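In what follows, a single structure is set out as structure tokens and then discussed.
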Amino acid sequence: MRRFAALYAALDASTSTLDKRAALRDYFREAPPADAAWALWFLSGGKLARIARTGELRAWIAEASGLPEWLIEDSYHHVGDLAETLMLLLDDPAPEAEVDLPLHVWIEDRLRPVAGREEPLRKAVVMAAWAGLREPERLVFNKLLTGALRVGVSTRAVQQALTEHSGVDIALLAQRMIGDWAPTPDFLAGLLSGEATEADRERPYPFFLASGIEAAPAPPGAGAFADLAEWLVEWKWDGIRLQLIRRGGTAALWSRGEERLDGRFPEIEAAAMALPDGCVLDGELLAWNAAEDRPLPFTALQKRIQRRRPGPKLLADCPVRVLAYDLLEEGGEDLRARPLYERRARLRKLLATYPDPLLALSPEVAPRDWAHAAALRAEARRRCVEGLMLKRRDSPYRHGRARGDWWKWKVDPLTADAVLIYAQPGHGRRSTLHTDYTFGLWDGDALVPVAKAYSGLDDAEILRLDRWIRANTLERFGPVRAVRPVHVFELGFEAVNLSGRHKSGIAVRFPRILRWRHDKPAAEADRLDTLRALAR
DNA sequence: GTCCTTGGCCTTC
DNA sequence: ATCGGACACATTCGG
DNA sequence: CCGAATGTGTCCGATGAAGGCCAAGGAC
């Protein structure tokens, strides 16, 4: 545990990714495999099955520290992180009372056996740990209790460090970490193995993700986009990204979040079984309006995304299909290094050989020129798509969000001018500032909340607004402050949906602040009716 | 003891 | 999804 | 020509809305 706590401290102390990578490399070089496997699990976002609810932890710390609950609550609000608060409220044990066990022993022998058991058992283990751990280890222990580590390293950074440590290609590491795996020495050995393993054949390929186009450096038609003929243009579908794996006599669907979707979309799995064995398709799952031959809005799909076993009514009400746009494997051969035009030609041929409306080719849009492309992009909302995709015809299928070859060119957002009506403090390192805002629109002479948004202001604006909020609070409801309705902000969003959850009856998709409208008085902010008219 | 509501968690975008 | 901030690395500028 | 300043690419955390799942707890 000491070594892992030291790694955590090193990662926490630096913001430099080079330093972090060096600390990770050192850790993986020195730590025993049983510990290293668990470290990898936590650093890549893994969690333990819940040992205690946060309410229980607060009660236990009150007992262990002898402090009243209100003081603990208050401390938490100042610190902004429960694990850290719990650490700070206790003293270090005397040296002779200290307990030092390896990370995997803490987890496998102490915590896991009591997960889900009666409260006194769990409490005893946690209290004993608190009594036996010094400060840095106590913090890490608490982090394991309350959730993920969140220490400024992404899974990708950890994989990069492992690549440097082991020499195994990062894309292969990423592939091996997709889906479920057990944090054991065996898994770690397989992960760092130079040779292809049997398990490699069960997992999807790491997804290639597109970046948003920024008009300033490279508007379509200029720079890298000068020659339209080099680019394949497709619709940017509003569904969920999917890899369809047809291997070993079965068909499996994997989401972008690297989850298996078994049973969720049985009609697609059935259709996929018609494909020849040994192929992998990349595409988009869409809810489809067959009568009008176009996608249903994303809200229709939402009813199915998490539904493990959809019933006949849902299957009928929300029919889905896959529009495939890439072929990553055919006849058991990995095609990712081949150019897109070749992969796509093979995909077209494959889908033509086994025709099924549930498994179709995402069509090429084929604009005449960039002006035509821009005009088609402007029609996106009417067509129920999010915009256009631009893909370089000779590009390989890369790993992660590599820039340059795949771009999403989304339709311009909708906008509204709304009034700031509530504010509350953020979390983590923003816990000392009011960074969480609720905006309202006029409905008669009242302001009705329509969206929460935090992103879009820079630090200077956040600081300025925080000072103003503190001085202009009308009423407080716990951490939430109602403020004088004075400031107007232009909000951007992708769509307006009808919603039963909000008083306004509508909800906006992807709300963000575009600018602070110092020039506009609150009375001139937009009206709720205007937004309602855009809802669908 | 069973049923229903509620809230936290988790995934999608 | 979104966005701003921060670091890493590449390129350009100033002496 | 070299070190400093500036620009660009990438990563990262903190945050939005919806809907399903699941466990806790109250009502009966």
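Excluded from the calculations below are hydrogen atoms, water molecules and symmetry mates; all remaining heavy atoms, backbone and side chain alike, are included. Only a predicted model underlies this, so the values are computations on that prediction, with no experimental measurement involved. Proteins come first, then strands; the chains are lettered A, B, ... in the order of their sequence lines, and each starts at number 1.
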- Item | Pair A:Arg527 + A:Asp443: basic N to acidic O under 4.0 Å | no
- Task: Taking atom P in both B:dC9 and C:dT2, compute the distance separating them and give it to the nearest angstrom.
- Result: 26 Å
- Can you check whether A:Tyr454 and A:Tyr437 have ring centres sitting under 6.0 Å from each other? no
- Query: Under 4.0 angstrom, heavy atoms only, what part of the nucleic acid is A:Gly239 near: base, sugar-phosphate, or nothing?
  - Reply: sugar-phosphate
- Side-chain N,O (A:Arg241) to OP1/OP2 (B:dC13) below 4.0 Å: no
- Task: Grab the CZ-C1' distance between A:Phe207 and B:dC13 for me, whole Å please.
- Result: 14 Å
- Lys/Arg-Asp/Glu bridge criterion (N-O < 4.0 Å) met for A:Lys452, A:Asp436: yes
- Which part of the nucleic acid, if any, lies within contact of A:Asp459, taking any heavy atom under 4.0 Å across all strands shown: a base, the sugar-phosphate backbone alone, or nothing? sugar-phosphate
- Are OP1 or OP2 of C:dA1 and a side-chain N or O of A:Arg256 less than 4.0 angstrom apart? yes
- Query: Expressed in angstrom and rounded to an integer, what is the separation of A:Asp436 atom CG from C:dC3 atom P?
  - Reply: 17 Å
- Item | Euclidean distance, atom CD1 of residue A:Ile170 to atom C1' of D:dT10 [Å, nearest integer] | 13 Å
- Item | Under-4.0 Å salt bridge between A:Glu386 and A:Arg381 | no
- Query: With a distance cut-off below 6.0 Å to the six-membered ring centre and an angular limit of 45° from the axis, does A:Arg509 pair with A:Phe298 as a cation-pi contact?
  - Reply: yes
- Among the nucleotides C:dC9, B:dC13, B:dT12, which one has an atom lying closest to any side-chain atom of A:Leu18? C:dC9
- Message: Categorize A:Ile513 for me: base, sugar-phosphate, or nothing, with a 4.0 angstrom heavy-atom threshold over every strand shown.
- Response: nothing
- Item | Side-chain N or O of A:Lys410 closer than 4.0 Å to phosphate OP1/OP2 of C:dT2 | yes
- Given B:dC10, D:dC11, D:dG19, the nucleotide with the shortest approach to the side chain of A:Lys47: B:dC10
- Message: Strictly below 4.0 Å: does A:Thr15 bring a side-chain N or O up to OP1 or OP2 of C:dA6?
- Response: no
- Look at the side chain of A:Glu259 and decide which nucleotide, out of C:dG4, B:dT11, D:dA18, has an atom nearest to it. B:dT11
- Query: Just how far, in rounded Å, is C1' of B:dC10 from CZ of A:Arg304?
  - Reply: 19 Å
- Measure from NZ on A:Lys452 to P on D:dT15 and round the result to the nearest Å. 9 Å
- Among B:dT12, D:dA18, D:dT15, find the nucleotide with the atom closest to the side chain of A:His427. D:dT15
- Below 4.0 Å: OP1/OP2 of D:dA18 and any side-chain N or O of A:His502: yes
- So which nucleotide from B:dC13, B:dT11, C:dT2 ends up closest to the side chain of A:Gln306? B:dT11
- Item | Contact under 4.0 Å: A:Thr299 side-chain N or O vs D:dG19 OP1/OP2 | no
- Query: Got a sec: does the CG of A:Asp180 have more than 12 other heavy atoms crowding it under 6.0 Å?
  - Reply: no
- Separation of D:dA17 atom P from A:Lys503 atom NZ, nearest Å, is 15 Å
- Establish, yes or no, whether a centroid distance under 6.0 Å links the rings of A:Trp406 and A:Tyr397. yes
- Message: OP1 or OP2 of D:dA14 versus the side-chain N and O atoms of A:Arg430: is any pair under 4.0 Å?
- Response: no
- Task: Among C:dA1, B:dT11, C:dC3, find the nucleotide with the atom closest to the side chain of A:Ser455.
- Result: C:dC3
- Message: It should be established whether A:Arg501 places a side-chain nitrogen or oxygen under 4.0 Å from OP1 or OP2 of nucleotide D:dA17.
- Response: no
- Task: Please check the phosphate of D:dC11 (OP1 and OP2 only) for any side-chain N or O of A:Lys20 closer than 4.0 Å.
- Result: no
- Query: Can you find a side chain N or O atom of A:Ser16 that sits less than 4.0 Å from OP1 or OP2 on C:dA6?
  - Reply: no
- Query: Does a nitrogen or oxygen in the side chain of A:Thr17 sit under 4.0 Å from OP1 or OP2 of C:dA6?
  - Reply: no
- Nucleotide D:dA17, atom C1' - distance to CG of A:Leu498 in whole Å: 14 Å
- Query: OP1 or OP2 of D:dA17 less than 4.0 angstrom from a side-chain nitrogen or oxygen of A:Arg509, does that happen here?
  - Reply: no
- Item | Length of the OH-C1' vector between A:Tyr454 and C:dT2, whole Å | 8 Å
